[in-house]
Amino acid sequence: LPINQSKTHHTDRKPSITLRGVTLEHVVPPPPKSKPKFKSHKPKPPPRKPKPPPPKPKPKPKPKPHKPKPKPLTSFKYLGRMFTTQPDLKTEISARLEKANKSFWALAAPLYRRTDISLQTKVSVFKSTVLPSLLWGSETWAPHVVDIRRLESFQMRCARYMLGITYATHGNVTHSSMQLQCGLPPIESQLRTRRLRWLGHVFRMDPHRLCRKTLFSVLGPPRPQGRPITTWRQVVLKDLNYHRITEDWSTLASNRTEW
């Protein structure tokens, strides 16, 4: 149906509908009434507090690096000499043999193995290079028989190599004969000479020197039960008896040329 509305819009005028020549005003139904709100007698709950954020996870502690326990010190080197907790010379003799063996075999091919070089030259080089490495610090040793045998066997092995002697070609050759050919004194006599030379050197020092005080001093506390360890002083007394220097050795030691 056509709806008659004026061109000009008025806020107070309502739209109308024409039905068979009868104009009917459009009736707008009133808005529905809202139901009255009933107030509850219960008190309002307090407002909820916001939940705190979850705590951050603590970082795991880093594992500490494992530090191995230090091993107890049993030996150390000082001025080329090996010192150990045991009162023996096994470690020192092994170190001396290793040094002397290296110095000998370093010249084995260019010198000791050659046949066109005289034996006297070989022995002189052996005395100036190998023996100082072998007997370094031996002035203060108090060796046992086993230690002297180890040193002696090394010297005889070197002498046999310089002479070119083998068991297959020359048979059983005694040590004394090889020593005579090379002109090498036994190790025991060399040790004895070095100890007595050191004794005279220390005796000629001033009396207030620490080296001389410790050399001729005696420990005060009583020794433990059992056989005492052979000391350097006892070994030197044996050396003096071997050379038949029993009385008034101090006067001889004070004169360097005679000693």
Side-chain angles (χ1 to χ4, degrees), residues 67-107 126-158 184-243 245 249-250 253 256 259:
K67 293 183 180 181
K69 294 182 179 180
K71 296 181 180 180
L73 185 64
T74 57
S75 63
F76 66 94
K77 183 183 288 187
Y78 180 71
L79 296 178
R81 173 77 185 275
M82 293 296 297
F83 293 89
T84 60
T85 55
Q86 301 297 329
D88 54 17
L89 292 172
K90 291 181 180 180
T91 307
E92 174 66 12
I93 296 296
S94 300
R96 291 295 98 208
L97 288 173
E98 182 181 358
K99 297 289 185 182
N101 194 34
K102 288 181 179 180
S103 61
F104 178 79
W105 290 107
L107 298 175
F126 178 80
K127 289 181 179 180
S128 60
T129 58
V130 180
L131 284 182
S133 300
L134 181 65
L135 302 179
W136 173 264
S138 60
E139 293 84 359
T140 58
W141 289 356
H144 299 287
V145 179
V146 180
D147 302 329
I148 297 175
R149 285 177 182 173
R150 293 179 64 186
L151 299 172
E152 189 70 37
S153 63
F154 174 78
Q155 180 176 265
M156 289 296 99
R157 188 163 57 250
C158 295
L184 292 173
I187 290 293
E188 188 175 3
S189 64
Q190 297 183 45
L191 293 176
R192 190 180 296 114
T193 304
R194 286 170 173 262
R195 280 193 297 265
L196 292 178
R197 187 187 299 118
W198 176 251
L199 175 64
H201 178 69
V202 175
F203 183 78
R204 287 188 296 271
M205 291 182 180
D206 295 332
H208 65 276
R209 294 282 296 275
L210 181 62
C211 185
R212 183 173 178 179
K213 288 181 180 179
T214 55
L215 183 63
F216 298 100
S217 60
V218 180
L219 297 177
R223 63 176 179 82
Q225 187 177 4
R227 184 181 182 276
I229 302 171
T230 304
T231 60
W232 185 85
R233 187 175 183 177
Q234 295 175 354
V235 176
V236 168
L237 291 177
K238 292 180 181 179
D239 297 340
L240 293 173
N241 292 330
Y242 179 83
H243 288 282
I245 307 173
W249 64 269
S250 58
R256 184 173 182 176
W259 186 254

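We number each residue from 1, following the sequence as shown. Worth saying up front: this structure is predicted, and the values here are computed from it rather than measured.
Counting only heavy atoms from C-beta outward, the side chains of Leu196 and Leu240 approach each other to under 4.5 Å. Between Trp141 and Ile93 there is a side-chain heavy-atom pair separated by less than 4.5 Å. Inter-residue side-chain proximity for Arg195 and Trp232 is flagged as met; some heavy-atom pair is nearer than 4.5 Å. Side-chain contact between Leu131 and Gln155 is present, with at least one heavy-atom pair separated by less than 4.5 Å.
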One pair to check against side-chain contact (heavy atoms from CB on, under 4.5 Å): Leu151 and Gln190. What are the steps and the verdict? CA-CA 11 Å; Leu151 299 172; Gln190 297 183 45; over 6 Å; no

How far apart are the C-alpha atoms of Val130 and Phe154, what are their side-chain angles, what is the distance that settles it, and do they pass the side-chain contact (heavy atoms from CB on, under 4.5 Å) test? CA-CA 11 Å; Val130 180; Phe154 174 78; 3.9 Å; yes

Carefully, step by step, assess Trp259 and Phe203 under the rule ring pair (Phe, Tyr, Trp, His ring centres under 6.0 Å). CA-CA 11 Å; Trp259 186 254; Phe203 183 78; 8.5 Å; no

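The number of heavy-atom neighbours closer than 6.0 Å to OH of Tyr242, taken from other residues, nucleotides and ligands shown, is 12 or below. The environment of CZ in Arg204 is crowded: more than 12 heavy-atom neighbours from other residues, nucleotides or ligands sit within 6.0 Å. Remark: Arg81 CZ is packed, more than 12 non-hydrogen atoms of other residues, nucleotides or ligands lying under 6.0 Å away.
How far OG of Ser94 is from NZ of Lys99: 13.0 Å, rounded to the nearest 0.5 Å. Here CZ of Arg194 is found 11.0 Å from OG1 of Thr140. Values are rounded to the nearest 0.5 Å. Summarising the geometry, atom CD1 belonging to Ile148 is positioned 12.0 Å from atom OG belonging to Ser153; distances are rounded to the nearest 0.5 Å. Here the CD-CD1 distance, from Gln86 to Ile229, works out to 9.0 Å after rounding to the nearest 0.5 Å. How far CZ of Arg197 is from CD of Glu139: 7.0 Å, rounded to the nearest 0.5 Å. Rounding to the nearest 0.5 Å places OG1 of Thr84 at 8.0 Å from CG of Leu89.
The aromatic rings of Phe104 and Phe126 stand perpendicular to each other, their planes meeting at an angle above 60°, with 30° marking the opposite boundary.
Of all the heavy atoms in Ala142 and Thr230, the pair that sits closest is CB-O, 3.9 Å. Across every non-hydrogen atom of Arg212 and Asp206, the tightest pair is CD-O, 3.9 Å. Between Arg96 and Leu134 the shortest heavy-atom distance is CB-O, 3.5 Å. Closest non-hydrogen pair, Pro132 versus Lys127, comes out as CD-O, 3.1 Å. When all heavy atoms of Leu191 and Ser138 are compared, the pair lying nearest together is CD2-CB, 3.5 Å. Considering all non-hydrogen atoms of both residues, Leu79 and Trp136 come closest at O-NE1, 3.3 Å.
Judged purely by atom type and a 3.5 angstrom limit, Glu92 uses its side chain to pair as donor or acceptor with the backbone of Met82.
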